[in-house]
Number of protein chains: 2
Amino acid sequence: MAEQRTESAGRPRQPRTRTRASHSLESVLAGAVEILDESGAQGLTIRALAARLGGGVASVYWYVSGREELLDLAADSVLGGIFDQIADVGSDDPIDDLRAIAMAMFDTIVDRPWLGAYVLRDTGLQVHSLQLYERIGEEVMRLGLTPRQVFHATSAVVGFVIGTAADLGQEPPAAVVSGEVTREEYLARIAGEWRALDATAYPFINHIVGEFERHNDRDQFAAGLDLLLAGLRLQSESAR
Amino acid sequence: MAEQRTESAGRPRQPRTRTRASHSLESVLAGAVEILDESGAQGLTIRALAARLGGGVASVYWYVSGREELLDLAADSVLGGIFDQIADVGSDDPIDDLRAIAMAMFDTIVDRPWLGAYVLRDTGLQVHSLQLYERIGEEVMRLGLTPRQVFHATSAVVGFVIGTAADLGQEPPAAVVSGEVTREEYLARIAGEWRALDATAYPFINHIVGEFERHNDRDQFAAGLDLLLAGLRLQSESAR
DNA sequence: ACCTGAACACCGTTCAAGT
DNA sequence: ACCTGAACACCGTTCAAGT
């Protein structure tokens with residue numbers, strides 16, 4: 001605000017005398033998310049972040065207590081975007097709503113592989129994580145279960161989402177991320193290794209290798225989620 | 001083997017002239033697991049491992065390509081212990097067998113918080129992870145489903161297990177691990193924070209805070225697993 | 001074939017000093 | 001109140017040299 005000043009006419013819009021950098025928690029987290037998206041959790045160093053913000057390393061510590069808290073807060077800030085996606089969710093079927101919320105979470109996490117590991121870790125720190133847990137729980141509360149069942153079912157849905165999403169998210173091992181190898185080539189290579197196994201010793205692997213080779217992460221997630229939700233619906237029906 | 005020599009009588013059994021350290025992949029992984037159990041993934045540095053093995057840092061690199069592979073292989077070596085626990089599993093109900101296998105996995109992972117993040121990451125490297133995936137898949141194959149359903153259901157079970165186990169495993173935040181704070185105190189503190197929330201804005205949190213405060217990780221896991229397995233049983237029945 | 005210490009190129013975090 | 005550069009105490013990994 002002290003910077004505000006009317007531009008004098010004709011002067012090119014160059015930054016004038018180099019002032020010292022000024023941040024905010026928002027800009028720090030935004031910078032962190034940019035780096036995370038570009039190069040993953042490994043790439044987010046305090047030095048890299050300070051460089052991007054155009055300041056010194058120590059200034060980051062004014063806003064966060066350390067790297068771990070930075071990761072937690074950066075992840076939580078991204079999670080806030082989910083609420084826009086699920087603003088319209090609210091049908092007369094709680095199970096349908098749960099599916100919609102879970103799929104939105106999956107979509108958000110899956111193309112941010114770094115996100116899965118840092119979401120829903122510290123609800124005291126992570127406001128959006130807490131609100132999402134609350135949102136899911138409110139749908140489960142509509143199913144007519146006991147408090148204990150509500151608690152367990154909500155935790156199961158959340159656990160399944162972040163568990164499998166984190167798992168799928170970390171799948172590509174560096175070479176895929178960097179673009180040296182396509183996802184198809186990567187899957188084909190593993191499928192090849194699996195086909196080389198003894199089919200007598202590995203009947204299941206042999207049985208599903210074709211499915212694995214052409215599988216789609218989103219469909220796989222949706223199928224597993226539907227199994228869980230089917231079990232939940234059953235519990236709900238027998239409770240009435 | 002060149003070391004072998006008959007002890008001359010009366011001489012104390014001290015190590016004689018200091019010979020240079022000699023390792024094996026097994027001893028390297030065993031040392032790594034010891035450190036991981038004592039101080040978690042963060043505590044496993046190459047230097048700490050080398051010191052425990054009584055050798056130099058660089059010798060570790062003869063057996064593993066780097067720290068990541070060390071973690072992967074250490075995790076997989078622990079996973080091998082599960083097969084003893086599930087040796088007797090094999091009833092006429094595949095769902096019961098799946099529950100037994102999943103619970104064994106949970107029990108193994110839950111008191112080794114570091115394990116969850118490194119299990120089932122690279123089946124080309126991790127033999128036991130592959131065999132466990134196979135073992136679970138073989139049970140699912142008995143349910144009369146299509147290959148696609150078998151693939152999806154097996155992945156869902158595995159995803160749920162490692163997802164929630166990893167989640168529960170990482171729950172205690174340093175202070176609990178070090179023994180400064182008991183689990184009860186930790187849960188009570190969070191419960192206190194939750195009770196301080198506005199009950200109108202957080203009806204679900206308010207509804208389950210009592211359950212959360214006295215919850216048991218194993219029961220919570222079992223309850224979620226049962227929902228998933230109930231959905232799977234339903235799918236199996238409608239397939240026949 | 002396997003082990004070694006030293007060196008390299010990084011890290012996260014702290015601190016005394018600035019504005 | 002917020003930012004800075006330099007310093008500290010670590011890291012993982014490599015390498016030339018040993019046995």
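Proteins come first, then strands; the chains are lettered A, B, ... in the order of their sequence lines, and each starts at number 1. What you see below is based on every heavy atom in this structure, not just the backbone, and it leaves out hydrogens, waters and symmetry mates.
D:dG12 atom P lies 10 Å from atom CG of B:L70, rounded to whole Å. At whole-Å resolution of the value, OH in A:Y61 and P in D:dC2 are 18 Å apart. Rounded to an integer number of Å, the gap from CD of A:E68 to P of C:dG12 is 11 Å. In this structure, NE2 of B:H23 is placed 10 Å from C1' of C:dT4, rounded to the nearest angstrom. The distance between atom CD1 of A:I46 and atom C1' of D:dC11, rounded to the nearest whole Å, is 15 Å. Rounding to whole angstrom units, CG of residue B:L44 and P of D:dC11 are separated by 11 Å. With rounding to whole Å, A:E69 atom CD is found 14 Å from C:dG12 atom C1'. For the pair B:R67 CZ and D:dC11 C1', the computed distance is 9 Å after rounding to whole Å.
Across the interface with DNA chain C, nearest-nucleotide mapping of B:A58 and A:A48 shows B:A58 to be the residue nearer the 5′ end. Heavy-atom nearest nucleotides on DNA chain D were determined for A:R47 and for A:G56, and the one closer to the 5' end corresponds to A:G56. Nearest-nucleotide positions on DNA chain C place B:Y63 closer to the 5' end than the other of A:T45 and B:Y63.
Between the side chains of B:D37 and B:W114, at least one donor N or O lies within less than 3.5 Å of an accepting N or O. A donor-acceptor contact under 3.5 angstrom links the side chains of A:T108 and A:Q85, judged on distance only.
Using bins of under 30°, 30° to 60° and over 60° for the plane-to-plane angle, the ring pair A:H215/B:F151 lands in the perpendicular bin.
Taking a pair to require two hydrogen-bonding distances under 3.5 Å in either a Watson-Crick or a G-U wobble arrangement, D:dG5 pairs with C:dC15. Remark: D:dC10 base-pairs with no nucleotide; criterion is Watson-Crick or G-U wobble with both hydrogen-bond distances under 3.5 Å.
Listed candidates were D:dC11, C:dT14, C:dC11. Nearest to the side chain of A:V57 is C:dT14.
With contacts defined as side-chain heavy-atom distances shorter than 4.5 Å, the pair B:R218/B:M103 qualifies.
Checking the phosphate oxygens (OP1, OP2) of C:dT4, a side-chain nitrogen or oxygen of B:S59 falls inside 4.0 Å. Proximity of A:W62 to the phosphate of D:dC3: no side-chain N or O atom is located under 4.0 Å from OP1 or OP2.
A:L53 comes within 4.0 angstrom of nothing in the nucleic acid, heavy atoms only.
Checking B:T123, B:D122, B:D76 one by one against B:S129, the side-chain hydrogen bond (donor to acceptor under 3.5 Å, both in side chains) holds for a single residue, B:D76.
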